[in-house]
2 protein chains.
Amino acid sequence: MPKEARPGSGEQAKQYALERLRKAILRGEMAPAQRLVENELAESYGVTRASMRAALLDLTSEGLVERIRNRGSRVRVVTVEEAVEITECRLALEGLCAAKAATAATDAQLDELTGLGKAMSKAVADGDPVTYSELNQDLHGLIRDASGQHTAVGLLERLNAQLVRHRFQLALRPGRPQQSLSEHLALIEAIRARDPQAAETAVRAHLSSVIDALRAD
Amino acid sequence: MPKEARPGSGEQAKQYALERLRKAILRGEMAPAQRLVENELAESYGVTRASMRAALLDLTSEGLVERIRNRGSRVRVVTVEEAVEITECRLALEGLCAAKAATAATDAQLDELTGLGKAMSKAVADGDPVTYSELNQDLHGLIRDASGQHTAVGLLERLNAQLVRHRFQLALRPGRPQQSLSEHLALIEAIRARDPQAAETAVRAHLSSVIDALRAD
DNA sequence: GGCAACAGAATTGTCAACGATTCTGTTCTC
DNA sequence: GAGAACAGAATCGTTGACAATTCTGTTGCC
């Protein structure tokens, strides 16, 4: 059997619907505040309404979907104020991860970091904000993995999912990648030097500047 | 109709079952790793299995319950290592909240803080660890409220829920309340002085000492 | 013409029964 | 006597239908 076949019903139908819908939201295919009708989604994904419902409940607890009793589900809209709050939490948690990563990272991970830094520099030099934004994600992800902080990583993934729209807007702002790059390079250096204190400081500086940029919306 | 009546069925049965079970777990009425059978719980709370099931799913995403496909649900056991990780996240997030609270707290909230500090001193002097532990919770809660950080507060509440058992053990350890008290008083002073930096440092010092105590298990 | 009450449609919430999976204790074979 | 295969029980997963709620467009009244 094909391993990515559509589970018409039964099996892990919920899981399938969950990932499809999550991706759709993260890709911005769903307009903000768009109504999510259980029946429609269930039909379009080829699962039963119960599976779809379960998926929506999951996404609600992930903070991607908002649901009102007897009124249905909507794509959650994150205001700028919320985005700032979320980023402040990221600042605290990623600071922790960066500090841990500075001591816990393997040599192979340090090499990966170095490579990412070069790729990011190149993306900025080439004026390619989309690639840069992706590498940016990879960098933060790598640091999280290297930290070994399972709990913090889980929280951060949830927080990040809620920021897609804002992140996208931010990346396309002129001049933003340049500033972001130098902050990231400083962070990479701190981790490579295995200096937890400096790594945490660098993360905080970086995310503070993100917050400023968000507020300038 | 009585406002806390048992919704024999219908109504918001899931909500009812959810809160009952959550309280039971938080109070430690459920043994660690105890099996949670949907039918049994549903009957004992007077709701249908579907409602109970939904409640269990919610608790799973809150991290209080662990569930294995086709094998059922258990009260999640938090190992010492996890407790340490969770507390490290608390350290980061409560540090943020304390700093914000130092600038955002109202005068009334500062008075409340002062009162709590006195009550805590008294509880320690009286050798009453249970009361002290409750006041401790109140203090952290008050600081969270005063911070106005909606996102961080939500994350912290989830993290804290997972620590009940460890928190309980910690509070009964001889000598622990004394050390904890002085750290808390320093924190209160920092917030009353409206010094964000000092407040964050005080929180970090306090939770670091909690981590040390946890590790000494 | 504007506003409130009302019926119909759309949508979600709940339920009870059926089907699938996993565990457990027993039996059969070597 | 030990291990594997097997049947039975327990439990969870899924489905389809029904009930409750909310929204919407219309009608009647002032």
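First the proteins, then the strands, lettered A, B, ... as listed; each starts at 1. The figures here come from the full heavy-atom set of this structure, side chains too, leaving out hydrogens, waters and symmetry mates.
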*Do B/Glu38 side-chain atoms and B/Met52 backbone N/O form a donor-acceptor pair below 3.5 Å?*
no
Using a 3.5 Å cut-off and no angle test, enumerate the donor-acceptor pairs between side-chain atoms of residues 95-102 of chain B and protein atoms at least two apart in sequence or in another chain.
| unit_1 | atom_1 | unit_2 | atom_2 | d |
| --- | --- | --- | --- | --- |
| B/Lys100 | NZ | A/Glu88 | OE2 | 2.7 |

_Nucleotide nearest B/Arg71 (side chain, heavy atoms from C-beta), chosen from C/dT12, D/dC12, C/dT22_ = C/dT22
*Rounded to the nearest angstrom, tell me the gap between atom CG in B/Leu57 and atom C1' in D/dC12.*
11 Å
*Remember a base hit wins even if backbone is also touched, and classify A/Leu36 as base, sugar-phosphate or nothing at under 4.0 Å, heavy atoms.*
sugar-phosphate
*Roughly, in whole Å, what's the span from CG in A/Asn39 to C1' in D/dA17?*
13 Å
*How close or far is atom P of C/dG13 from atom CD of B/Gln15, stated in whole angstroms?*
11 Å
*Do the side chain of A/Gln34 and the main chain of A/Val75 share a donor and acceptor less than 3.5 angstrom apart?*
no
_Atom-pair distance (CD on A/Glu66; P on C/dT12), nearest Å_ = 15 Å
*What integer distance in Å separates B/Glu43:CD from C/dA16:C1'?*
15 Å
*Find the distance A/Tyr16:OH to D/dG13:P and express it as a whole number of Å.*
22 Å
*Considering only C/dT21, C/dG13, C/dT11, which nucleotide approaches the side chain of B/Asn70 most closely?*
C/dT21
*Looking at D/dG13, C/dT12, C/dC15, which one has an atom nearest to any side-chain atom of A/Arg49?*
C/dT12
*Does the side chain of B/Ser51 get closer than 4.0 angstrom to OP1 or OP2 of C/dC15 through an N or O atom?*
yes
*asked:* Strictly below 4.0 Å: does A/Thr48 bring a side-chain N or O up to OP1 or OP2 of D/dT14?
replied: no
*A/Arg53 side chain near D/dG13 phosphate (N/O to OP1/OP2, under 4.0 Å)*: no
*With no hydrogens and no angle check, do the side chains of B/Ser51 and B/Tyr16 hold a donor and an acceptor under 3.5 Å apart?*
no
*When you check the side-chain N and O atoms of B/Glu183 and B/Ser209, is any donor under 3.5 Å from an acceptor?*
yes
*Of the nucleotides C/dG13, D/dT11, D/dG13, which has the atom closest to the B/Arg67 side chain?*
D/dG13
*Send over the distance from B/Ile68 CD1 to C/dT22 P, rounded to a whole Å.*
12 Å
*Nearest-Å distance, CZ (A/Arg69) to P (C/dT12)?*
13 Å
